[in-house]
Amino acid sequence: MADLLIEIFGKPQGIIIFQLLSACRFTIYLSLIAFLGGGAVAGMVTLLRISQIPPLQRLATSYIWMFQSVPLLMLLFLIGLGVPRLFDINVNPWTAATVALILFTSAYLAEVWRGAIESVARGQWEASFALNIRYSLLLRRVILPQAIKFGIAPTVGFMVQIIKGTSLAYIIGFNDLMLAGKRWANAPVLGSEPFVVFPLMAVMYFCICYPLAIFARKLEAKSLTGS
Amino acid sequence: MPKNAEDAIVKMEKVNKWFDDFQAICDVDLTIFEGERIVICGPSGSGKSTLIRCLNGLEQHQSGTITVHGTELTGKDSAVRQVRENVGMVFQQFNLFPHLTVLENCTLAPISNGKLDENAAHEKAMEYLERVQIPEQADKLPGQLSGGQQQRVAIARALCMEPKLMLFDEPTSALDPEMIKEVLDTMVSLAEDGMSMICVTHELNFAKSVAHRIIFMDNGRIVEDQPPDDFFERPKSARAKLFLDQILSH
Ligand SMILES: Nc1ncnc2c1ncn2[C@@H]1O[C@H](COP(=O)(O)OP(=O)(O)OP(=O)(O)O)[C@@H](O)[C@H]1O
Ligand SMILES: [Mg+2]
């Protein structure tokens with residue numbers, strides 16, 4: 001792969017492209033982990049948020065509010081650099097980036113999903129209550145299948161934000177596309193100037209994000225037509 | 001009509017209900033006996049919906065007592081669930097589950113409550129869909145049915161729980177005129193079978209022919225509680241007269 005790219009693009013561009021592409025891997029892994037982990041946490045936060053128990057609701061609301069109002073960059077600094085200093089422990093960049101992104105993602109998705117659930121007609125809850133349908137079943141069989149229609153497009157759309165968000169993790173030394181690119185851009189090597197490397201990176205981010213953005217738009221159009 | 005207190009299926013005593021500082025139900029006393037059919041009417045905002053929603057715990061009253069089929073609605077979850085076992089409700093907007101078939105709409109609750117296994121629930125659902133005369137629509141989604149058909153499904157869905165009392169909140173108000181009759185006919189046939197029912201409606205002919213008592217509400221109070229003949233011929237209150245004039249004038 002590396003040889004092939006060097007043959008096509010020559011040195012150092014072939015090497016740069018190869019390294020950037022392999023760094024893309026980590027961008028994708030981190031995004032996936034953030035999305036899955038964040039989704040799982042968001043699911044629990046959403047459940048608390050829509051529960052009929054006020055202290056739990058408040059807990060969920062505070063969680064959402066707190067991690068939505070802090071910039072992702074702050075979270076990364078705090079967990080990647082602040083926490084290790086404070087407790088004098090080693091936090092590797094993977095862990096720090098994962099935790100920060102999960103907090104960020106879960107708060108956002110929990111808010112989106114709460115909105116989706118609240119978009120389901122009030123009458124659906126009332127009919128289910130009147131029929132004495134168990135709460136867990138009510139959510140699973142009545143509310144969630146309808147809420148998905150409202151939530152799916154913004155959820156997929158947010159994946160794009162996560163992928164772009166992972167680029168900030170370079171700041172705590174996470175070895176992703178961003179860090180790999182930045183290293184090359186700073187290297188005193190002919191042919192790896194910023195105006196070469198950064199457009200290359202942009203193309204790669206675009207290739208990852210664009211299909212998702214299109215997919216999100218398709219889903220949105222579909223949910224608007226109400227099918 | 002039996003009039004022993006033990007036969008009361010609904011007993012409300014000094015019931016009050018506020019939404020924040022707005023009082024929607026004021027000092028309501030109401031006793032309804034098993035087998036009775038009540039029609040509630042009154043101007044918009046008079047508290048008709050709120051009243052019947054208090055009877056199955058969709059709204060919680062703040063003072064007074066409500067006892068339904070022997071269970072007092074104390075606000076405890078177990079009491080609410082117990083009451084809902086015995087009370088079916090039909091809404092103005094049908095509130096069918098749009099993503100489930102007609103049959104699934106009818107079987108979801110009985111299966112979920114462990115009342116019936118799947119086969120028995122199917123059988124029962126088909127029985128009631130036949131009752132409301134749409135067994136052939138069982139596998140369709142609610143959206144593929146006319147409004148009248150949807151409301152009949154909603155009635156069948158409620159009946160699948162074998163309620164002792166049925167609540168109807170303006171079941172025909174969202175329907176096109178040509179579909180009102182089929183829903184009213186379904187309700188009449190329920191009435192003929194002796195179902196206890198409380199029905200908020202402005203369908204006066206239905207009220208005249210089916211109801212044992214008409215309850216007229218205004219500003220959260222029960223203003224009149226009379227047999228239909230008396231209510232329509234000799235309303236006692238000026239408010240009810242005015243209301244009847246307005247309704248009959250169009
Ligand atoms: N959830 C609520 N929050 C606040 N106020 C409410 C709520 N539900 C009803 N109300 C108010 O209580 C009063 C009675 O409402 P209700 O729906 O019982 O009237 P109604 O007699 O059924 O009227 P309609 O014929 O329009 O259905 C109205 O003034 C209404 O605005
Ligand atoms: Mg009403």
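Letters A, B, ... are given to chains in the order of the sequence lines, protein chains preceding strands, and every chain is numbered from 1.
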May I ask you to name which of A:Q146, A:R134, A:R122, A:Q124 has the most heavy-atom pairs under 4.5 Å with chain B? A:Q124
Pair count under 4.5 Å, heavy atoms only, with chain B: among A:L131, A:N132, A:L138, highest is A:N132
Using non-hydrogen atoms and a 4.5 Å limit, figure out which bit of [X] sits close to chain B: side chain, backbone, both or neither.
X	value
A:L137	side chain
A:A121	neither
A:E126	both

Option passing side-chain contact (heavy atoms from CB on, under 4.5 Å) with A:F35 (candidates A:V156, A:I163, A:T155, A:L101): A:T155
Tell me whether B:K124 forms a cation-pi arrangement with B:Y128, defined as NZ or CZ under 6.0 Å from the six-membered ring centre and within 45 degrees of its axis. no
B:Q144 and B:L141 have their tightest heavy-atom pair at OE1-N, 2.7 Å
Where on B:L96 is there a heavy atom nearer than 4.5 Å to chain A: the side chain, the backbone, both, or neither? backbone
Side chain, backbone, both or neither: which part of B:F97 has a non-hydrogen atom closer than 4.5 Å to chain A? both
For the interface with chain A, which of B:V87, B:L58, B:V80 has the highest count of heavy-atom pairs at distances below 4.5 Å? B:L58
Check this for me, if you would: do B:R131 and B:D193 make a salt bridge, where the nitrogen-to-carboxylate-oxygen distance has to be below 4.0 angstrom? yes
Between A:Y108 and A:F158 (judged by ring centroids, cut-off 6.0 Å), do the two rings come close enough to count as a pair? yes
Give me each pair satisfying side-chain hydrogen bond (donor to acceptor under 3.5 Å, both in side chains) with a member in residues 96-105 of chain B, each pair once, sequence neighbours excluded. B:T101-B:E104, B:N105-B:R157
